[in-house]
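Structure record follows, encoded as structure tokens.
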Protein chains: 2
Amino acid sequence: MQTLKIIIADDHPLFRGALVQTLQTMATDVAIIECGEFSAALKAADEHPDADLMLLDLAMPGVSGFSGLMTLRAQFAALPVVIVSATDDSGTVRRSLELGASGFIPKSSGLDDIRNAVKTVLDGDVFVPGNDSGKAEDDPVLVEILDRLKTLTPQQNRVLTMLAEGLLNKQIAYELGVSEATIKAHVSAILLKLNVDSRTQAVIKLGKINMAMVA
Amino acid sequence: MQTLKIIIADDHPLFRGALVQTLQTMATDVAIIECGEFSAALKAADEHPDADLMLLDLAMPGVSGFSGLMTLRAQFAALPVVIVSATDDSGTVRRSLELGASGFIPKSSGLDDIRNAVKTVLDGDVFVPGNDSGKAEDDPVLVEILDRLKTLTPQQNRVLTMLAEGLLNKQIAYELGVSEATIKAHVSAILLKLNVDSRTQAVIKLGKINMAMVA
DNA sequence: CCACGCCTCCTCCCAAAGGCATAGTGGTGC
DNA sequence: GCACCACTATGCCTTTGGGAGGAGGCGTGG
């Protein structure tokens, strides 16, 4: 491993700097793109399709909880995302992995742990911090919602994200460059999968997830 | 200012390292005592009565929230304590200062902010982020939403609550024992007051408040 | 008393949402 | 090749949502 291209999305400049320091010891040529907010991370992922990895803070401004992760996974399925988070309870870890994260690094980790995690993910494996792996019991309601969310296709995820922003079908259609009829089809599919019967209820359900994440 | 002795109490090695890096540029002779848990911080304060400052993470293992700060202030009244925290809402900041902290540094601060804060406190002043001392308001976006929410009449509040549960106008009308036309009128009034143009957006806006409450 | 705000209800109207059926395209896996 | 799925799209239909505008009853405070 001689060259690396890594996107770091974290709103703490100091922590970001420390990460950069750590990562730069891992290869002879390390390119790092730093993002302080989520929109910048999206932009970076778009502009650097050859990136090897993204380190994503769960608590980014501009996006609440896991929806950012979902958005990233939906739009850039090829980009491995490792969650970096201050909260590292097993529920948060597991949910991150269920939503497609390739690893989880608690912010309380030491340098070696972080390097090890990055190496593991770059090798194509999934990194999970040691203490976890136990299936601690969770609110069954949330688990059920997460299960349903997992069944959404990438495009449906994008549509759901836009629903959660309060956009009209028409606006979503314009944003995604498809017809309104298509969006309606997606929305119908989403409502079915989430087992609700209106867009409003869908965003409420999504909101519960975000609530559970920060709580 | 040529010599400095600072105690850093934070359970994140990476962040601690970054702090050390930053602080060492502030004087020719900087002695730093690092503590990964609260008991070590107490011990350090005891062993280094000549320390100029302590940087204390609010979320330390071994102590919950502000009790650590209280303990420190009680036992080492002469040692200025600056809180370093990831959560930086005005309530947390205010409470920290009320409990005797000499300053508050959000973890999202940049290097310069941190250096500035430390310098301010070393000069005997109190450092408060948001540059207007003590009157740092909450997220203006949230304040604006709350202001709007306050203008809702009782009945409108009930209707909004039901909107947030994903009910249809018809269902709300049934629940409240009035006609659907009335509900429509209420909903229209709510949308006006919240400055949105769909029930979905209203629910989203309400969700933001709930998020801010638990976070 | 009168004005004002709140709650209630109405009508007309149009836009948005959502169900249902159908179908072409492209990719993946067997 | 065939099956399956995601994505796209169209058409038709009903229900829901929301704006505009008006209007009557009711209680409080000037």
Side-chain angles (χ1 to χ4, degrees), chain A residues 46 49 70-79 98-100 124 145 147-207, chain B residues 145 147-207:
Chain A
D46 193 42
M70 283 167 49
T71 304
L72 274 169
R73 293 300 302 162
Q75 292 190 27
F76 309 99
L79 176 65
E98 281 173 356
L99 288 175
I145 302 178
D147 281 345
R148 294 179 180 279
L149 281 179
K150 280 190 301 184
T151 70
L152 295 181
T153 67
Q155 190 74 334
Q156 286 168 357
N157 248 311
R158 281 189 284 273
V159 173
L160 177 56
T161 301
M162 293 180 177
L163 279 189
E165 288 165 5
L167 300 184
L168 303 178
N169 289 339
K170 190 178 297 184
Q171 293 173 303
I172 298 173
Y174 176 78
E175 294 284 340
L176 296 182
V178 299
S179 82
E180 188 182 345
T182 304
I183 299 304
K184 280 191 172 189
H186 284 313
V187 172
S188 289
I190 290 169
L191 297 184
L192 260 182
K193 286 185 178 179
L194 295 190
N195 193 32
V196 294
D197 38 39
S198 81
R199 66 206 292 106
T200 304
Q201 287 176 6
V203 312
I204 291 169
K205 214 152 197 175
L206 195 60
Chain B
I145 301 178
D147 280 344
R148 293 180 181 280
L149 281 180
K150 281 190 298 188
T151 71
L152 295 181
T153 67
Q155 190 75 333
Q156 286 167 358
N157 251 313
R158 280 190 284 276
V159 173
L160 178 56
T161 302
M162 292 179 173
L163 280 189
E165 289 166 2
L167 300 186
L168 303 177
N169 288 339
K170 190 177 298 184
Q171 294 173 304
I172 298 174
Y174 176 77
E175 293 285 340
L176 294 182
V178 299
S179 84
E180 188 181 344
T182 304
I183 299 304
K184 280 190 170 191
H186 284 313
V187 171
S188 287
I190 292 170
L191 297 185
L192 260 181
K193 287 184 177 177
L194 295 190
N195 193 32
V196 293
D197 38 40
S198 79
R199 68 209 288 107
T200 304
Q201 288 176 6
V203 170
I204 293 169
K205 215 151 196 175
L206 194 61

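Chain naming here is simple, since letters A, B, ... match the order of the sequence lines and numbering starts at 1 in each. As the structure is a prediction and not an experimental result, all values here were calculated from the model.
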Does a nitrogen or oxygen in the side chain of [X] sit under 4.0 Å from OP1 or OP2 of [N]?
X        : N      : value
B/Ser188 : D/dG19 : yes
B/Lys170 : D/dT15 : no
B/Gln155 : C/dT8  : yes
B/Thr153 : C/dC6  : no
B/Ser179 : C/dC10 : yes
A/Asn169 : C/dA17 : yes
A/His186 : D/dA6  : no
A/Lys184 : C/dG19 : no

Given atom [atom1] of [X] and atom [atom2] of [N], what is their separation to the nearest angstrom?
X        : N      : atom1 : atom2 : answer
A/Leu152 : D/dC5  : CG    : P     : 16 Å
A/Arg199 : C/dA17 : CZ    : P     : 4 Å
A/Gln201 : D/dG17 : CD    : C1'   : 15 Å
B/Leu194 : D/dG18 : CG    : C1'   : 15 Å
A/Leu192 : C/dG19 : CG    : P     : 7 Å
A/Glu180 : C/dA15 : CD    : P     : 12 Å
B/Ile172 : C/dC7  : CD1   : P     : 15 Å
A/Gln171 : C/dA16 : CD    : P     : 9 Å

Looking at every heavy atom in both [X] and [Y], which two are closest together, and how far apart are they?
X        : Y        : result
B/Ser198 : A/Gly166 : OG-O, 4.4 Å
B/Leu194 : B/Lys205 : O-NZ, 3.2 Å
A/Ile204 : B/Glu165 : CD1-C, 3.6 Å

Subject >> Closest-nucleotide 5' rank along DNA chain C - winner of A/Thr200 and B/Thr182 >> reply: B/Thr182
**OP:** Nearest 0.5 Å please: distance from the CG atom of A/Leu168 over to the CG atom of B/Asp197.
**Re:** 7.0 Å
**OP:** Please determine, for the side chain of A/Gln156, which listed nucleotide (D/dC7, C/dT8, C/dG18) has the closest atom?
**Re:**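 Shortest atom-to-atom distance from the side chain points to D/dC7.
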**OP:** Among the candidates D/dT16, C/dG18, C/dT8, find the nucleotide nearest to the side-chain atoms of A/Leu191.
**Re:**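 It is C/dG18.
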**OP:** Please answer whether the main-chain N or O of A/Leu167 pairs with a side-chain N or O of A/Arg199 as donor and acceptor at a distance below 3.5 Å.
**Re:**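 Confirmed, A/Arg199 side chain pairs with A/Leu167 backbone.
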